[in-house]
Amino acid sequence: MNILIVGSGGREHSLAWKIAASPLVKRLVAAPGNPGMAAQCELRNVAVTDVDGLVALAQQIAADLVVIGPETAVAAGLADALAAAGIPCFGPTAQAGQLESSKAFTKAFCDRYGLPTSAYAVCEDAEAAKAALERFAPPYVIKADGLAAGKGVVIASDRAEAEAAIEDAFGGRFGQAGARVVIEEFLEGEIGSLFALCDGKTSMAFGWAQDHKRVFDGEQGPNTGGMGTYSPAPVFTPELVEQVRARLVDPAFAGIAADGAPYRGVLFVELMATRDGPKLVEFNTRFGDPECQVLMLRLKSDLVPYLLACATGRLAQMPEPEWRDDAAICVVLAAKGYPGTPQAGGVIKGADADFGADAVVFHAGTSRDAQGVLRAAGGRVLNVCARAGTLREAKDKAYAAVDAIDFPDGFCRRDIGWRALG
């Protein structure tokens with residue numbers, strides 16, 4: 001098979017790493033890709049929102065399958081354009097992608113189809129949003145409605161902080177994504193990320209993990225796109241997995257199909273395990289980043305047949321995926337200043353070293369200059385991942401690799417996995 005991966009981050013690098021290991025793959029191309037992905041793929045400099053350019057590239061390489069990585073490509077309608085060109089695609093249509101691209105859409109969707117989630121208010125201007133705070137108790141959850149690269153959420157401890165977050169959103173901090181704001185009830189419980197595949201009709205669970213959203217140790221500081229993950233996560237008991245399937249996954253796939261947009265791809269269910277059962281925090285219409293990284297390390301089955309089955313409506317013919325018993329962990333090395341204004345251009349040395357069996361570094365935000373020097377080119381720069389028989393061993397292995405990488409302008413959390421390790 002000839003396969004095109006769309007994207008340039010750590011999620012796409014981990015997908016390329018796993019796809020490249022499949023005996024079914026003849027040619028693997030990434031657009032635009034990143035320096036780390038060059039070890040597994042041919043790179044083509046086509047932007048993830050250049051829909052016409054990506055369709056042309058898929059045709060040029062006679063792609064048997066296109067795998068959409070980022071949500072921006074989903075929202076741009078890449079899957080729709082590929083379907084019109086007769087090219088199989090792993091990724092939902094722009095209409096189905098509204099489950100991520102608009103939080104207001106998703107809240108109304110939950111109301112329509114009975115999915116459990118937090119109480120909320122959708123606000124079109126700052127005055128209405130501040131007035132809506134009266135209906136909620138602190139801490140207040142303030143969300144930009146649109147896509148904000150995982151940074152459009154503020155959990156405000158008091159009214160003044162909440163009003164400042166509202167002013168920031170309507171003041172343009174998140175661009176067009178913050179033109180509308182959703183205020184939500186704060187949910188008490190333990191957060192988790194569950195993934196499910198769907199081919200438009202048939203669905204199956206496809207792993208779970210736990211993310212660390214806050215930028216600093218001890219869950220301190222602002223929210224980020226994710227500072228690290230681990231899998232498996234103890235919160236996902238068999239009972240919780242079944243509840244998530246019955247209360248969130250199945251109704252979501254049935255509902256979006258009833259809306260006229262059958263879902264093909266992976267649905268990321270971010271949930272809160274509360275005393276009243278799982279409640280939806282938000283949907284993402286692609287693999288999580290950095291959750292995908294630990295799933296790829298733990299997935300024993302060949303990934304490619306599952307991606308193709310989703311794209312071609314044959315998921316019902318697939319067996320349940322096999323997972324390694326090992327634990328996996330991902331530590332994000334970010335550029336100083338993230339999630340605000342990260343320091344760009346910092347030199348990175350040692351990222352390509354051999355860190356031993358079952359340790360791998362995925363590039364998330366890197367570039368090479370004219371001299372071939374690896375430099376930081378984003379907020380989250382490297383994903384340092386490891387797999388081992390226990391989470392403690394995996395953590396030790398990952399942080400040993402972190403400490404061997406020379407990146408003076410970078411930082412990371414040192415407590416990834418703390419909920420499971422105590």
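Positions are given from 1, in the same order as the sequence printed here.
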Checklist entry - Which is it for S157 and E161 under the side chain to side chain donor-acceptor pair (under 3.5 Å) test, yes or no, and what are the steps along the way? => result CA-CA 7 Å; S157 58; E161 190 181 346; 2.8 Å; yes
Next on the checklist: I'd like to check L271 versus I191 (side-chain heavy atoms, cut-off strictly below 4.5 Å). Are they in contact?
Outcome noted: no
Side-chain ion pair, [X] and [Y], N-O less than 4.0 Å:
{"X": "E185", "Y": "K279", "value": "no"}
{"X": "D145", "Y": "K103", "value": "no"}
{"X": "D369", "Y": "R375", "value": "yes"}

Checklist entry - Does CD belonging to Q176 count more than 12 external heavy atoms closer than 6.0 Å? => result no
Item to check | Other residues, nucleotides, ligands: >12 heavy atoms within 6.0 Å of E127 CD | outcome: no
Checklist outcome for this item: Heavy-atom nearest pair, Y399 first then C412, reads CE2-SG, 4.1 Å
Checklist entry - Of all heavy-atom pairs between A73 and V6, which one has the smallest distance, and what is that distance? => result CB-CG1, 4.2 Å
Going by distance alone, is a donor N or O of one side chain under 3.5 Å from an acceptor N or O of the other, for [X] and [Y]?
{"X": "E291", "Y": "S193", "value": "yes"}
{"X": "E100", "Y": "T285", "value": "yes"}
{"X": "K107", "Y": "T117", "value": "yes"}
{"X": "Q40", "Y": "H13", "value": "yes"}

Checklist entry - Out of V384, I405, V402, which one pairs with F355 under the side chain to side chain contact (heavy atoms under 4.5 Å, CB included) rule? => result I405
Item to check | Spatial distance of atom CG (D409) from atom NZ (K336) [nearest 0.5 Å] | outcome: 6.0 Å
Checklist outcome for this item: To the nearest 0.5 Å, atom CD1 of I61 lies from atom CD1 of I3 at 9.0 Å
Could you give the side-chain donor-acceptor pairs of residues 128-143 under 3.5 Å, partners two or more places apart or in another chain?
| residue | atom | partner | partner atom | Å |
| --- | --- | --- | --- | --- |
| K130 | NZ | E167 | OE2 | 2.3 |
| E134 | OE2 | R159 | NH1 | 3.3 |
| E134 | OE2 | R159 | NH2 | 3.4 |
| R135 | NH2 | Y120 | O | 3.4 |
| K143 | NZ | E184 | OE1 | 3.3 |
| K143 | NZ | E184 | OE2 | 3.3 |
| K143 | NZ | V281 | O | 3.2 |

Check: [X] ring centroid to [Y] ring centroid under 6.0 Å:
{"X": "F268", "Y": "F287", "value": "no"}
{"X": "F362", "Y": "W17", "value": "yes"}
{"X": "W418", "Y": "Y230", "value": "no"}

Checklist entry - In chain order, what residues pass the side-chain hydrogen bond (donor to acceptor under 3.5 Å, both in side chains) check against E190, with sequence neighbours excluded? => result Q210
Item to check | Pairs flagged by side chain to side chain donor-acceptor pair (under 3.5 Å) wherever residues 254-263 is involved - sequence neighbours left out | outcome: R112-D259, Y113-D259
